[in-house]
*Asks:* 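Before I ask anything, here is the structure I am working with.
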There are 2 protein chains.
Amino acid sequence: MKPKKRVTIYDIARKLNLTASSVSRALNNSSHVNEATKQLIVKTAAEMNYKPNTLASNLRKGKSQTIGIVVPRINQNFFSNVIAGIEETTYQRGYNLIICQSNEAHDKEVQCINTLINQHVDCIVISVASEGNDYAHLQNVIDHNIQLIQFDRVADELETLKVVNDNQQASMEAVSHMITQGYKRIALLEGPQNLDVFRQRKAGYIAALKAHGLPVDEELIVANSWTKDLAGPAVRTLLNLPQPPDAIFASRDDFSALVVLEVATDMGVKVPEQLGICGYSNEAFTEVTSPSISTIDQHSVYIGKTISNLYFQEMDNKNKDTASTPKTISIKPKLIIRSSTSR
Amino acid sequence: MKPKKRVTIYDIARKLNLTASSVSRALNNSSHVNEATKQLIVKTAAEMNYKPNTLASNLRKGKSQTIGIVVPRINQNFFSNVIAGIEETTYQRGYNLIICQSNEAHDKEVQCINTLINQHVDCIVISVASEGNDYAHLQNVIDHNIQLIQFDRVADELETLKVVNDNQQASMEAVSHMITQGYKRIALLEGPQNLDVFRQRKAGYIAALKAHGLPVDEELIVANSWTKDLAGPAVRTLLNLPQPPDAIFASRDDFSALVVLEVATDMGVKVPEQLGICGYSNEAFTEVTSPSISTIDQHSVYIGKTISNLYFQEMDNKNKDTASTPKTISIKPKLIIRSSTSR
DNA sequence: CTGAAAGCGCTTACAG
DNA sequence: CTGAAAGCGCTTACAG
């Protein structure tokens, strides 16, 4: 069976003794086309099961109604939520999403970007890979006149639209909350410090301690080492210190917070009475553990929506020829106080 | 600032006093082109920061090197993992992914499909929405000669390639395992029964009981009602029965299993001694609770890889004109035995 | 090995 | 309101 050809506007035109021009106009709801023939054309197109060729239309119009997204990992909660948020908002406007994952590798990130440029996407949304600090490929996006929007992990030096989480502020609030609850020796589980977002969380932790006149004890700061096998022992060591902490801010994520909870339970350390615990990212399970775990919600879906709205707004501005200043929108994460820090 | 035009093969040709034909051939590594000029062309293209226009190339070639994916929700673990798997395999071959979410709504699913048809994707991968049982839009995909691959939630009546999970077999194994461990009154937490996959899990549960000569007690089968507020009370009711279960198969997912664990702990019911628990889907947290929770791994990333491999294989067959029979590949989920069912 | 030409399916100024 | 024509950027048989 040879692939039968698709119906084109020429086929419709031929059938109705019209020209492709008219068919095109009718189908695009353009003015200057007789209402009766328009009706006829639309009806006939449906009958013939006509599907417009977006490729041709986009080539002609010089835009693709497509947004490209590059994230380190598609199947990481935060990112898949952001993508879902972007999808929701852009879909209504008839935009498509092309999605790539960099796998945290700079090489692949460059390749993804090139593919998206070749695809003539109208906009590229990216959260940069942890590896590499050469941003020539992103500059290339700008040079090709494609709107670039960075989020979460951003290259500061590039002047682009940015949507970020205020990690420092959120961390500061979380730690301040714990101090208010009477915790005095608060430990920090670091996330990977090569990423800015985790450095910000650490900075927030330190700022909170200082603001409340508490000392920063290096002994209580645990470097990121969260393979499954290392997590437990690290926490155990912490809790076995001569002067153990009375609270732990698991700034990496809720999984590390869960490990803390498990180790504490296992050692007979009561949460929240003897040990406060706060995680990060509001994974679904934090609500259902006992005690439930305090954490920080990043509003990831909302971040996605913000990104797309920012894009559409920017497009409007360009049409109006308003000067567009590169701006950064900071989303305030929300501290979710649950039982694990309430005493 | 007006958008500057991109470099085309004509620009390169002009610069080198050649024709677009030659440039095209050189850039596509085609034969019949002098090695020296080829080198020159490639070098010049790079210097001019030339990016091919995939839109034009695809229009001309009549294919898009793009695969469309439609899932109920992008940000659901299972689906985002499948997508990641597809991405990994297709990326190497230079394919792009256009991703849509149906939000479980039939209307939106139809719209997604139409968009993908218009985009001239080469293949559509879909897991159908829970709503609706009219599959005209999928038939339309086939009619447009686009390869259709269904996965997980499939419309049986359509003759397409299918990649499914053997939910029944996996559930049967899980329940049999619990029986082997000495549990005798095993309860079932159902998933939404309008979806085939959850009906299969229930069937596996019943089959296991029957195979081991155990009675099926309707009292022990709890309908899906997993809003956060309803989960706890439902489990509590179950455990307060005059003849309570000594094990629970949370066939819906690991979150419901976690609820069971929390309620049991709260009631002083020892897991696994007095109550066995098995979840479904191998969420990351199941490994780190105490006791760790037995569950079923669906190999979701592998499912994604299988889907793309199936597609490439099918393409090869078509090129060889081999008769292509619609086939179903069944992935065997893996029972992960942990502490919550080991006594 | 290279060039001239047609065409993928559409849109859109330009006439009438 | 409708048509004829050009062109988006590329690829590919057809000549030479």
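By convention in this document, chain letters (A, B, ...) are assigned in the order of the sequence lines, proteins followed by strands, and residues within each chain are numbered from 1. Since we're looking at a predicted model, the values are computed, not measured.
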*Asks:* Show me the pairs that pass salt bridge (Lys or Arg N to Asp or Glu O under 4.0 Å) and involve residues 107-117 of chain B, at least two apart or across chains.
*Replies:* A:Glu87-B:Lys108
*Asks:* With heavy-atom distances below 4.5 Å as the criterion, would you say the side chains of B:Ile126 and B:Ile113 are in contact?
*Replies:* yes
*Asks:* Measuring from the side chain of A:Leu18 (C-beta onward, heavy atoms only), which nucleotide among D:dT12, D:dG9, D:dG3 has the closest atom?
*Replies:* D:dG3
*Asks:* Between A:Leu55 and B:Thr19, which residue's closest nucleotide on DNA chain C lies nearer the 5′ terminus?
*Replies:*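 The residue mapped nearer the 5' terminus is B:Thr19.
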*Asks:* Looking at side-chain heavy atoms only, is the closest gap between A:Ile9 and A:Tyr50 below 4.5 Å?
*Replies:*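 In contact.
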*Asks:* Using 30° and 60° as the class limits, which term best fits the ring planes of B:Tyr95 and B:Phe312: parallel, tilted or perpendicular?
*Replies:*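 Ring orientation of B:Tyr95 relative to B:Phe312: perpendicular.
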*Asks:* For residues A:Leu59 and B:Leu55, report the shortest heavy-atom separation together with the two atoms involved.
*Replies:* N-CD2, 4.0 Å
*Asks:* Nearest whole angstrom, please: distance from the P of D:dG9 to the CG of B:Asp11.
*Replies:* 9 Å
*Asks:* In whole angstrom, give the distance that lies between atom NZ of B:Lys63 and atom P of C:dG7.
*Replies:*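 My rounded result for the distance is 22 Å.
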*Asks:* Can you check the B:Asn118 CG to C:dG9 P distance for me, whole Å?
*Replies:* 14 Å
*Asks:* Using the side-chain hydrogen bond (donor to acceptor under 3.5 Å, both in side chains) rule, pick out the option among B:Asn75, B:Asn77, B:Asn81 that qualifies with A:Asn75.
*Replies:*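 Considering B:Asn75, B:Asn77, B:Asn81, a side-chain hydrogen bond (donor to acceptor under 3.5 Å, both in side chains) with A:Asn75 is found only for B:Asn81.
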*Asks:* When the distance from CD1 of A:Ile117 to P of D:dG9 is rounded to whole Å, what number comes out?
*Replies:* 16 Å
*Asks:* Just call it for A:Ser57: base, sugar-phosphate, or nothing, with non-hydrogen atoms closer than 4.0 Å on any strand.
*Replies:*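 Sugar-phosphate contact only.
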*Asks:* Under 4.0 Å, heavy atom to any atom of DNA chain D: which of residues 44-53 of chain B qualify?
*Replies:* B:Tyr50, B:Pro52, B:Asn53
*Asks:* What is the separation between atom CG on B:Leu16 and atom P on C:dT2, rounded to the nearest whole Å?
*Replies:* 12 Å
*Asks:* Below 4.5 Å, heavy atoms only, C-beta onward: do A:Asp196 and A:Arg153 meet side chain to side chain?
*Replies:*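 With C-beta onward as the side chain, the pair stays apart.
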*Asks:* In whole Å, what is the span from the NZ atom of B:Lys61 to the C1' atom of C:dG9?
*Replies:* 17 Å
*Asks:* For A:Val110, enumerate each residue passing the side-chain contact (heavy atoms from CB on, under 4.5 Å) test, keeping only those at least two apart in sequence or located in another chain.
*Replies:* A:His106, A:Asn114, A:His137
*Asks:* Mind checking which stems touch DNA chain D? I mean at least 3 consecutive Watson-Crick or G-U pairs, both distances under 3.5 Å.
*Replies:* C:1-3 with D:14-16, C:5-12 with D:5-12, C:14-16 with D:1-3
*Asks:* Would you call B:Lys162 and B:Asp156 a side-chain contact if the rule is heavy atoms closer than 4.5 Å?
*Replies:*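 In contact.
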*Asks:* Describe the nucleic acid contact of A:Asn58 in one word from base, sugar-phosphate, nothing, applying a heavy-atom distance below 4.0 Å.
*Replies:* nothing
*Asks:* Need one value for A:Thr54: base, sugar-phosphate or nothing, where a base atom within 4.0 Å counts as base even if backbone is also close, heavy atoms only.
*Replies:* nothing
*Asks:* Send over the distance from B:Arg14 CZ to C:dG3 P, rounded to a whole Å.
*Replies:* 14 Å
*Asks:* Do any N or O atoms of the protein come closer than 3.5 Å to N or O atoms of nucleotides 13-16 of chain D, and which pairs are they?
*Replies:*
residue: D:dA13; atom: N6; partner: B:Arg25; partner atom: NH1; Å: 3.3

*Asks:* Determine the contact category for B:Ser24: base if any of its heavy atoms lies under 4.0 Å from a base atom, sugar-phosphate if only primed atoms, P, OP1 or OP2 are that close, otherwise nothing.
*Replies:*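 Base, at least one base heavy atom under 4.0 Å.
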*Asks:* Quick one: which of D:dC10, D:dT2, C:dC10 gets closest to the side chain of A:Ser22?
*Replies:*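 Selected nucleotide (nearest to the side chain): D:dT2.
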*Asks:* Identify the two heavy atoms, one from A:Gln101 and one from B:Glu88, that lie closest to each other, and give their separation to 0.1 Å.
*Replies:* NE2-N, 4.5 Å
*Asks:* Could you state the atom-to-atom distance from CD1 of B:Ile12 to P of C:dG3 in whole Å?
*Replies:*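 From B:Ile12 CD1 to C:dG3 P: 14 Å.
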*Asks:* Under a 4.5 Å cut-off applied to non-hydrogen side-chain atoms, are A:Thr160 and A:Ile149 in contact?
*Replies:* no
*Asks:* Applying side chain to side chain donor-acceptor pair (under 3.5 Å) as the test, list every pair that has at least one member in residues 116-127 of chain B; sequence neighbours left out.
*Replies:*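 Non-adjacent pairs meeting side chain to side chain donor-acceptor pair (under 3.5 Å): A:Arg6-B:His120, A:Asn53-B:His120, A:Asn96-B:Gln119.
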*Asks:* If you check the A:Leu59 side chain, which of D:dG9, C:dT2, C:dC10 turns out closest?
*Replies:* D:dG9
